[in-house]
Enquirer: 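Handing you a structure now.
When a residue number appears, it is its place in the shown sequence, counting from 1. For clarity, every value in this text was computed on a predicted model and none was experimentally measured. Hydrogens, waters and symmetry mates are skipped; everything else that's a heavy atom, side chains included, is used.
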Amino acid sequence: MALLTILEYPHPRLRIKAAPVAAVNDTIRQLVDDLFETMYAAPGIGLAATQVDVHQRLLVLDVSDDQSQSMCFINPEIIARDGAEISEEGCLSVPGVYEGIERAQHIRVRALDRDGNSFDMDAEGLLAVCIQHEIDHLDGKLFVDYLSELKRQRLKKKLVKAQKQASVTA
């Protein structure tokens with residue numbers, strides 16, 4: 001397994017729309033393992049392949065407190081959604097920023113698992129938020145896109161300045 005580098009906003013490669021995974025094979029399973037290792041080390045509760053500069057429709061997540069509910073979604077698609085709720089979101093690609101974002105309260109998602117088996121799953125609460133957030137990454141969208149233009153520009157300026165300072169001290 002390997003720790004992968006997580007791209008940070010406003011990196012332009014975060015905007016690339018991921019291509020469907022053609023076949024679930026050992027290479028994809030290795031990527032799944034690397035994504036889990038990277039997500040847990042960050043630490044985070046979700047990570048999309050796009051965030052590590054791999055543009056395939058694949059995400060991992062684990063919303064448990066003890067890393068006991070790891071889930072892998074290959075070629076995920078939301079096939080139903082209802083309700084709406086605002087919850088605070090953060091992102092490994094936008095470190096240190098948390099904002100209230102409106103998402104569907106309940107979703108039904110269809111995907112392939114780590115072995116290539118198709119499944120449908122209903123989700124609500126934090127799990128539903130996390131799935132929607134990570135699928136947005138696969139579509140080249142970030143949670144900051146839900147913020148006002150002014151707030152997004154201020155945030156971008158702040159993060160670019162922090163990245164420059166970090167590279168000078170490194």
Enquirer: Treating Ile, Leu, Val, Met, Phe, Trp and Tyr as nodes and any side-chain heavy-atom pair under 4.5 angstrom as an edge, say whether Leu47 and Leu4 lie in one connected cluster.
Expert: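 Yes, because Leu47 and Leu4 connect within a single hydrophobic cluster, where side-chain heavy atoms sit under 4.5 Å apart.
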Enquirer: Would you confirm whether Glu134, through its side chain, and Ala48, through its main-chain N or O, come within 3.5 Å as a donor-acceptor pair?
Expert: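 Confirmed, Glu134 side chain pairs with Ala48 backbone.
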Enquirer: Are Phe73 and Val32 linked, directly or through other ILVMFWY residues, by side chains that come within less than 4.5 angstrom of each other?
Expert: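 Unlinked, Phe73 and Val32 end up in two clusters.
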Enquirer: Does any donor atom in the side chain of His137 or Asp139 lie under 3.5 Å from an acceptor atom in the other side chain?
Expert: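 Looking only at side-chain atoms, Asp139 and His137 do not form any donor-acceptor pair under 3.5 Å.
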Enquirer: Give me the atom names and distance for the closest heavy-atom approach of Leu138 to Ala49.
Expert: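 Reported closest heavy-atom pair: CD2-N, 4.3 Å.
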Enquirer: Go through it in stages, so that I can follow the logic: the residues are Ile6 and Thr38, the test is side-chain contact (heavy atoms from CB on, under 4.5 Å), and I'd like the CA-CA distance, side-chain angles, deciding distance and then a yes or no.
Expert: CA-CA 8 Å; Ile6 298 172; Thr38 303; 3.8 Å; yes
Enquirer: Using side-chain heavy atoms (C-beta onward) and a distance below 4.5 Å, is Gln163 in contact with Pro10?
Expert: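 SC-SC contact between Gln163 and Pro10 confirmed.
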Enquirer: Just how far is it from atom CD of Gln51 to atom CE of Met39, taken to the nearest 0.5 Å?
Expert: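 Interatomic distance, Gln51 CD to Met39 CE, rounded to 0.5 Å: 11.0 Å.
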Enquirer: Cation-pi check, Lys151 to Tyr146: give yes when NZ or CZ is under 6.0 Å from the six-membered ring centre and within 45° of the ring axis, no otherwise.
Expert: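 No, Lys151 does not sit over the ring of Tyr146.
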Enquirer: Checking the side chain of Arg152 only, and the main-chain atoms of Leu147 only, is there a donor and an acceptor separated by less than 3.5 Å?
Expert: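 Answer holds: yes.
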Enquirer: Ser93 side chain to Leu7 main-chain N or O, any donor-acceptor pair under 3.5 Å?
Expert: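 The answer is yes, because a donor-acceptor pair under 3.5 Å joins these two groups.
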Enquirer: Restricting to non-hydrogen atoms, name the atom on Glu89 and the atom on Val129 that form the minimum distance, rounded to 0.1 Å.
Expert: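 Closest pair (atom of Glu89, atom of Val129, distance): OE2-CG1, 3.5 Å.
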Enquirer: Taking it one step at a time, do Gln105 and Asp82 satisfy side-chain contact (heavy atoms from CB on, under 4.5 Å)?
Expert: CA-CA 6 Å; Gln105 194 170 21; Asp82 67 80; 5.6 Å; no
Enquirer: How far apart are the closest heavy atoms of Phe36 and Cys72, and which atoms are they?
Expert: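 In terms of heavy atoms, the two residues are closest at CZ-N, 4.4 Å.
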Enquirer: Could you tell me whether Phe143 and Tyr98 have their ring centroids closer than 6.0 angstrom?
Expert: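 That pair fails the under 6.0 Å test.
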Enquirer: Any donor and acceptor pair, going by atom type alone, linking the side chain of Gln30 with main-chain N or O of Ala2 inside 3.5 Å?
Expert: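 Checking the backbone N and O of Ala2 against the side chain of Gln30, no donor-acceptor pair under 3.5 Å is found.
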Enquirer: Can you tell me how far apart CG (Leu127) and NE2 (His106) are? Round to the nearest 0.5 Å.
Expert: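 Taking CG in Leu127 and NE2 in His106, the distance rounds to 11.5 Å.
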Enquirer: So, does Asp113 use its side chain to make a donor-acceptor pair with the main chain of Asp115 at under 3.5 Å?
Expert: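 Yes, because the side chain of Asp113 sits within donor-acceptor range (under 3.5 Å) of the backbone of Asp115.
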Enquirer: A side-chain contact here means heavy atoms from C-beta on lying under 4.5 Å apart; do Gln165 and Val168 qualify?
Expert: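 Result no, sub-4.5 Å side-chain heavy-atom pair not found.
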Enquirer: Side-chain contact, heavy-atom cut-off 4.5 Å: His55 with Arg13?
Expert: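 Sidechains of Arg13 and His55: in contact.
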Enquirer: Search all heavy atoms of Gly140 against all heavy atoms of Asp145 and return the closest pair with its distance.
Expert: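 For Gly140 versus Asp145, the nearest heavy atoms are O-OD2, 4.5 Å.
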Enquirer: In sequence, state the C-alpha distance, the side-chain angles, and the governing distance for Arg29 and Val24, and then conclude on side-chain contact (heavy atoms from CB on, under 4.5 Å).
Expert: CA-CA 7 Å; Arg29 283 187 280 278; Val24 178; 3.6 Å; yes
Enquirer: Does one hydrophobic cluster hold both Phe119 and Ile131, with members joined at side-chain heavy-atom distances below 4.5 Å?
Expert: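 Yes.
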Enquirer: Roughly how far apart are Arg110 CZ and Asp120 CG, rounded to 0.5 Å?
Expert: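 If I round to the nearest 0.5 Å, the distance is 4.0 Å.
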Enquirer: Would a single hydrophobic cluster contain both Val54 and Leu59, if residues Ile, Leu, Val, Met, Phe, Trp and Tyr are joined by side-chain heavy-atom contacts under 4.5 Å?
Expert: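 Different clusters.
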Enquirer: Enter the distance from Lys161:NZ to Lys157:NZ here, rounded to the nearest 0.5 Å.
Expert: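 NZ of Lys157 is found 8.5 Å from NZ of Lys161.
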Enquirer: So, taking the atom named CZ in Arg103 and the one named OG in Ser87, what distance separates them when rounded to the nearest 0.5 Å?
Expert: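 Here the interatomic distance stands at 8.0 Å.
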Enquirer: Return yes when atom CG of Asp65 has more than 12 non-hydrogen atoms of other residues, nucleotides or ligands closer than 6.0 Å, and no otherwise.
Expert: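 Atom CG in Asp65 is not crowded, with 12 or fewer foreign heavy atoms closer than 6.0 Å.
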Enquirer: Can Asp136 and Gln132 be counted as having a side-chain donor-acceptor contact under 3.5 angstrom?
Expert: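 Asp136 vs Gln132: no donor-acceptor pair found between side chains.
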Enquirer: Decide whether Leu92 and Tyr9 are clustered together by the hydrophobic rule: side chain heavy atoms of Ile, Leu, Val, Met, Phe, Trp, Tyr closer than 4.5 Å, transitively.
Expert: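 Different clusters: Leu92 never reaches Tyr9 through Ile, Leu, Val, Met, Phe, Trp or Tyr contacts under 4.5 Å.
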Enquirer: I need the Ser64 OG to Met71 CE distance, nearest 0.5 Å.
Expert: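 So the gap between those two atoms works out to 8.0 Å.
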Enquirer: Taking CZ in Arg15 as the centre, count heavy atoms belonging to other residues, nucleotides or ligands within less than 6.0 Å. Is the count above 12?
Expert: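 Atom CZ in Arg15 is packed in, count exceeds 12.
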Enquirer: Just do the side-chain contact (heavy atoms from CB on, under 4.5 Å) check on Glu99 and Leu155 with the steps written out, would you?
Expert: CA-CA 11 Å; Glu99 293 287 340; Leu155 176 63; over 6 Å; no
Enquirer: Between Asp62 and Gln69, is there a donor-acceptor pair closer than 3.5 Å when you use the side chain of the first and the backbone of the second?
Expert: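 Flag set: sc Asp62 to bb Gln69 pair under 3.5 Å.
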Enquirer: Do you know which two heavy atoms are closest between Ile135 and Ile78, and how far apart they sit?
Expert: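 So the minimum-distance heavy-atom pair works out to CD1-CG1, 3.7 Å.
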Enquirer: Taking all heavy atoms of Val60 and all of Leu35, pick out the closest pair and write down the distance.
Expert: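 In this case the closest contact between Val60 and Leu35 is CG2-CB, 3.7 Å.
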Enquirer: Apart from Ile86 itself, which Ile, Leu, Val, Met, Phe, Trp or Tyr residues share its cluster (side-chain heavy atoms under 4.5 Å, direct or through members)?
Expert: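 When side chains under 4.5 Å apart are linked, Ile86 ends up in no cluster with other residues.
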